[in-house]
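In this text the structure is predicted, and so the values were computed from the model without any measurement.
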There are 2 protein chains.
Amino acid sequence: MPMNAALGDLPTTATHAHTGAWVASVLRSRIAEGRLVPGTKLSEQSLSATLGVSRNTLREAFTVLDGELIVTRIPNRGVFVASPGPDEIREIYNVRRILEPAAALWGPGPDIAELRSVVAEARGALARGSVPDMAAANQRFHEALILGTGSTGLLEMMSRVLAQMRLVFHAMSNAPDFHSHYVELNAELLELLAAGQRAEAAERLRSYLDVAESELLAQFTGAAPAPARASNRTPRIHSRRDC
Amino acid sequence: MPMNAALGDLPTTATHAHTGAWVASVLRSRIAEGRLVPGTKLSEQSLSATLGVSRNTLREAFTVLDGELIVTRIPNRGVFVASPGPDEIREIYNVRRILEPAAALWGPGPDIAELRSVVAEARGALARGSVPDMAAANQRFHEALILGTGSTGLLEMMSRVLAQMRLVFHAMSNAPDFHSHYVELNAELLELLAAGQRAEAAERLRSYLDVAESELLAQFTGAAPAPARASNRTPRIHSRRDC
DNA sequence: CGCCACAAGATTGTTGAACAATCTGAAGAC
DNA sequence: GTCTTCAGATTGTTCAACAATCTTGTGGCG
């Protein structure tokens, strides 16, 4: 398993305060880019050597990424790049079905100019057939929607959810194109929002998300490879302070 | 500052896997109870001795709590119990104004029986004049609302926001009673939800939250004590790997 | 042949000590 | 009174070690 090779070159001139946060950002990037595939085990020994940090610092980064659900920690077994299954997909869409329509309906209003630019970029990506660029534009579209709420916390949550979406797509790289459908749907949504038809936009979003969830779940269960998780033995919980 | 005394006795027979998570839960509880006041500095040396864990493990717990915004980490200065100001209050209500009405409008529906029981408890607490019990019931009411979305992630976010609300109240312990107003408002809301009038409930929630935010902000700026933050010098960011 | 127990070996969980970098606070200079 | 400087304290990070747990391969046994 070429896990270390997947890390590639590191930014050697980075300036940062907390090394732990820096390590977390490096791993976050590599996972987002798909260079670390879902299910990959992140070994402490090998990673700390590769990144040039101590195991303790690496573990601090793991704690951060675990909090972001980008990584799954199994006690005494290690940490793995999260590999979302059907349950996680349903959870993702439960969140989006609440957040996005609410932002459309009640938010101070998204930045229409920004949305137009994102839609234009998505169309360009569609024209030249670049799926990654289409995916990126799609993500920015939905982030811009939440940005309209003015809440950094909600934006952070949306980003987290979109990061998990990336993991879902990376786990199904064999699947057919998913994004091209949504370029024009986003464009329609934009027009509704620009026209101030918020209730209509919210309703459209909800059905849009319902459809997307169904398609994704169908594709997932259809092309579900063997869940390459390690073993299934439940690890013991050890006791402490039980003198 | 009797920081250590505020910790009180520790559960000495706890059984747990990750010591870091256990430490985080202990600190979370102490902060929620108000035994650790907003602004308190959490010294690594003193805390690690008190809790009987190493500094490394304690720092892992700090990373978790920092991610939950319960604690504020300032590089090279230490970690402090978060002390939310006006900006944080506005952020809290930005989140709640999206999450709660959306849950009422679109969620599969909250557990009406649970809500009734919570309202009953709130009335009991009001009758016997117990502000802490009223606060607890209020929090459970709004959590139950979000629970209706079926999303654990949204519930977690709501819990995080409510934890910050507790910090706000702890920082304004001198303020008059805030919760008694809302006992009956929650009851009205419950009736709307039980009657299936979701749109009405969502609208009511939004104005309800607007009013609550205004009251809280007014009270806050009025009785704002000197922000007991340490000094204001901005800490330097040190560089790395700049060979 | 399949299955269970069992003993290495490897990996994670936690600790303690050490050192560098930075901040804090107080003494002293102007 | 304000600024500089210096010692002391605190945080950031690393290293090495050990305990606890998991993994793997081996051999025995039905």
Would you list the atom pairs, donor with acceptor, under 3.5 Å between side chains in residues 153-166 of chain A and any protein atom, with sequence neighbours excluded?
residue: A:Ser159; atom: OG; partner: A:Glu143; partner atom: OE2; Å: 3.2
residue: A:Ser159; atom: OG; partner: A:Leu155; partner atom: O; Å: 2.9
residue: A:Arg166; atom: NH1; partner: A:Gln139; partner atom: OE1; Å: 2.8

Are any protein N/O atoms closer than 3.5 Å to N/O atoms in nucleotides 15-18 of chain D? If there are, list each pair with its distance.
residue: D:dC15; atom: N4; partner: A:Asn56; partner atom: ND2; Å: 2.6

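Counting to the nearest Å, the P atom of C:dA21 and the NE2 atom of A:His18 are 17 Å from each other. Atom pair A:Glu44:CD and D:dT14:C1' shows a separation of 15 Å (rounding to whole Å applied). Here C:dT24 presents its P atom at 9 Å from CG of B:Asn76, a figure rounded to the nearest Å. Rounded to an integer number of Å, the gap from CZ of A:Phe62 to P of C:dT11 is 14 Å. In this structure, B:Gln45 atom CD and C:dA18 atom P are separated by 14 Å, rounded to whole Å. Computed from coordinates, the B:Arg59 CZ to C:dG13 C1' distance equals 17 Å when rounded to whole Å. To the nearest angstrom, C1' of D:dT13 lies 15 Å from CG of B:Leu58. At whole-Å resolution of the value, CG in B:Leu42 and C1' in D:dT10 are 14 Å apart.
The salt bridge (Lys or Arg N to Asp or Glu O under 4.0 Å) test applied to A:Asp177 returns no partner, not counting sequence neighbours. Annotation: side chain to side chain donor-acceptor pair (under 3.5 Å) contacts of A:Asn56 (sequence neighbours excluded): none. For B:Asp133, the side chain to side chain donor-acceptor pair (under 3.5 Å) test picks out B:Arg128, B:Ser130, with sequence neighbours left out. With sequence neighbours left out, A:Glu68 forms a salt bridge (Lys or Arg N to Asp or Glu O under 4.0 Å) with A:Arg28.
Side-chain nitrogen and oxygen atoms of A:Thr57 include at least one within less than 4.0 Å of the OP1 or OP2 phosphate oxygen of D:dT14.
Side chain of B:Ser46 to main chain of B:Ser43: no donor-acceptor pair is present (N/O by atom type, distance under 3.5 Å, no hydrogens or angles).
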